[in-house]
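For clarity, every value in this text was computed on a predicted model and none was experimentally measured.
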Amino acid sequence: MPYIEDYEKVMALISPEKSPNLYILGGEEVYLTSRIEKAILNNLLDEAEKDFNLSILYGADTSPGEILSHALRYPMMAKHQLVVVKDAGKMHSLDGMESVIERLPATTILAMNFEGKNLDRRKAWIKVAEKSEKSVVFNSPKLTPYKIRKPLEWLMKEAGVLLSEPGKELLLENSGTDLTRLYQELQKLSLTSYAKEGVVIPPTAVMEYIGLSREFTIFEFQKALASKDAAKALKIARAYAADPKNHPVQMILSMLFNFFSNLLIAFDAPSKREEDLAKFLGLNSAFQSKDYQYALHHFRRPKVMNIISLIRRCDARSKGLYTNDTDPAPILTDLVFYITS
């Protein structure tokens with residue numbers, strides 16, 4: 001089966017009657033790969049069959065040769081056996097995986113979870129897996145704000161929670177797009193007195209029970225700046241400055257430089273429609289052009305040129321070229337004030 005990013009499609013395949021023989025799972029959105037792995041472990045063998053037909057290996061302690069050794073065994077009193085490789089991204093070498101895939105018996109189901117790592121489709125063994133009719137190659141890249149709505153509905157259903165649109169907005173505003181974090185917050189809400197079957201939890205309850213501490217993505221920062229939302233941009237800038245280890249200022253400035261450089265090009269686009277703008281800028285999807293549409297509405301070309309120059313100066317400041325003070329807080333706040341003014 002070809003490479004896919006559709007979580008629901010993969011989950012629908014996990015049954016003893018129609019399961020593929022091979023699952024390659026990867027991506028930064030670990031909640032999804034973890035849920036798929038759990039479904040594989042829970043649904044493809046019954047409890048009695050697991051005693052003789054389930055092998056769980058760990059990436060740091062295994063190799064393609066050992067995986068093949070387990071895969072070639074015959075199932076005992078079951079239609080198939082299951083081999084699961086957890087933390088497959090920690091394997092010291094993947095040399096020989098092509099042979100594992102090509103020799104995989106019809107009576108074996110192999111699942112490899114590269115949790116937290118995006119799959120490299122250039123690798124020969126991934127290409128072999130993609131060509132197989134009885135395989136699933138699933139990758140779950142980190143979700144952007146534009147793609148969070150559908151997964152949020154899954155999470156609400158799993159947690160047994162109903163939220164109004166304002167409640168959803170408030171949850172996303174304060175918890176971000178990390179699915180693990182969102183599910184944890186929804187579980188908190190499911191334990192409150194507000195959570196009753198068929199009852200929508202009010203936004204006030206979300207405010208009461210959901211913590212206000214969160215991590216912001218660079219896409220949210222970019223959107224806030226593109227929309228000239230000074231309050232939100234400043235809030236995100238301060239959060240970044242307070243956590244320089246996870247949000248290095250040079251990385252933030254580099255991404256903003258790329259965005260505003262593209263924005264400068266976008267002024268010359270013959271059409272400002274989402275699809276046309278995405279194609280003109282060489283973006284991967286029309287969704288990515290939304291921020292540029294916001295920015296084109298709020299900025300003029302001379303201002304964008306000045307912003308690009310300021311980002312360069314801020315980058316120099318962060319490296320101590322103009323001053324000994326490399327604190328990211330004043331650098332980012334100065335930048336936010338200028339961009340949103």
Side-chain angles (χ1 to χ4, degrees), residues 5-12 27-36 38-39 140-240 242-243 246-247 274 285-291 293-295 297-298 336 340:
E5 295 182 358
D6 190 331
Y7 166 76
E8 290 179 298
K9 187 174 182 180
V10 177
M11 291 294 278
E28 295 176 273
E29 191 46 76
V30 297
Y31 178 85
L32 298 183
T33 51
S34 295
R35 296 291 292 180
I36 293 171
K38 185 176 180 180
S140 58
K142 202 72 174 174
L143 291 169
T144 65
Y146 303 124
K147 295 184 178 180
I148 193 60
R149 286 294 178 165
K150 190 175 180 181
L152 178 59
E153 296 298 328
W154 307 334
L155 298 184
M156 288 168 53
K157 185 176 180 180
E158 288 184 18
V161 167
L162 290 176
L163 296 177
S164 63
E165 284 304 314
K168 294 175 190 175
E169 290 291 341
L170 197 56
L171 175 65
L172 293 171
E173 172 69 22
N174 292 304
S175 301
T177 59
D178 181 89
L179 295 185
T180 302
R181 171 75 185 276
L182 282 170
Y183 187 63
Q184 289 170 347
E185 300 296 4
L186 287 168
Q187 283 184 310
K188 287 183 193 176
L189 291 172
S190 72
L191 299 174
T192 68
S193 59
Y194 296 99
K196 298 175 183 176
E197 188 173 352
V199 176
V200 176
I201 296 176
T204 51
V206 179
M207 282 286 289
E208 181 180 353
Y209 288 97
I210 302 301
L212 299 182
S213 173
R214 60 162 290 196
E215 286 194 5
F216 295 94
T217 68
I218 189 65
F219 301 106
E220 291 171 284
F221 192 34
Q222 183 175 285
K223 182 177 179 180
L225 292 173
S227 305
K228 286 198 172 183
D229 186 342
K232 184 170 183 179
L234 193 59
K235 179 180 179 182
I236 297 173
R238 286 171 176 162
Y240 285 166
D243 187 14
N246 290 316
H247 303 286
E274 274 185 33
S285 73
F287 282 117
Q288 292 176 287
S289 65
K290 283 182 177 290
D291 286 349
Q293 288 183 315
Y294 296 138
H297 179 72
H298 289 288
V336 167
T340 59

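- For the side-chain contact (heavy atoms from CB on, under 4.5 Å) criterion with Leu163, the lone passing option out of Leu170, Leu152, Leu189 is Leu189.
- Note on residues 151-184: pairs passing ring-ring contact (aromatic ring centres under 6.0 Å, His included), not counting sequence neighbours, are Tyr7-Trp154, Tyr31-Tyr183.
- With sequence neighbours excluded, the residues satisfying side-chain hydrogen bond (donor to acceptor under 3.5 Å, both in side chains) with Lys142 are Asp178.
- Contacts of Glu28 classified as salt bridge (charged side-chain N to carboxylate O under 4.0 Å, His left out), with partners at least two apart in sequence or in another chain: none.
- Considering CE of Met11 and CZ of Arg35, their distance stands at 6.5 Å, rounded to 0.5 Å.
- For Ser190 (side chain) and Gly160 (main-chain N/O), no donor-acceptor pair under 3.5 Å exists by modelled atom type.
- Taken from CD1 in Ile201 to CE in Met156, the straight-line distance is 8.5 Å, to the nearest 0.5 Å.
- Side-chain N or O atoms of Ser289 include one that pairs as donor or acceptor with a backbone N or O of Glu274 at under 3.5 Å.
- Note: Thr340 OG1 to Asp229 CG = 9.0 Å, rounded to the nearest 0.5 Å.
- For Lys223 and Glu220, the salt-bridge test fails: no basic side-chain N is under 4.0 Å from an acidic carboxylate O.
- To the nearest 0.5 Å, atoms CG (Leu191) and CG (Leu186) are separated by 11.0 Å.
- Nearest heavy-atom pair across Tyr194 and Val199 is O-CG1, 4.1 Å.
- Atom-to-atom distance recorded for Tyr294:OH and Gln222:CD is 12.0 Å, nearest 0.5 angstrom.
- Residues forming a side-chain hydrogen bond (donor to acceptor under 3.5 Å, both in side chains) with Ser34 (at least two apart in sequence, or on another chain): Glu115.
- A search for side-chain contact (heavy atoms from CB on, under 4.5 Å) contacts involving Lys228 returns His298, Phe299, Lys303, not counting sequence neighbours.
- Residues Thr217 and Leu143 fail the side-chain proximity criterion, which asks for heavy atoms closer than 4.5 Å.
- Judged by distance alone, the side chain of Thr177 and the main-chain N or O of Thr144 form no donor-acceptor pair under 3.5 Å.
- With contacts defined as side-chain heavy-atom distances shorter than 4.5 Å, the pair Pro202/Ser164 does not qualify.
- Under the side-chain hydrogen bond (donor to acceptor under 3.5 Å, both in side chains) criterion, Lys168 pairs with Glu153, Glu165, not counting sequence neighbours.
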Self-check item: Candidate pair Glu169 and Arg149, rule salt bridge (Lys or Arg N to Asp or Glu O under 4.0 Å), full reasoning
Solution: CA-CA 10 Å; Glu169 290 291 341; Arg149 286 294 178 165; 2.2 Å; yes
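- Proximity of Leu32 to Leu179: side-chain heavy atoms (C-beta onward) are separated by under 4.5 Å at one or more points.
- Taking CG of Leu225 as the start and NZ of Lys232 as the end, the distance is 11.0 Å to the nearest 0.5 Å.
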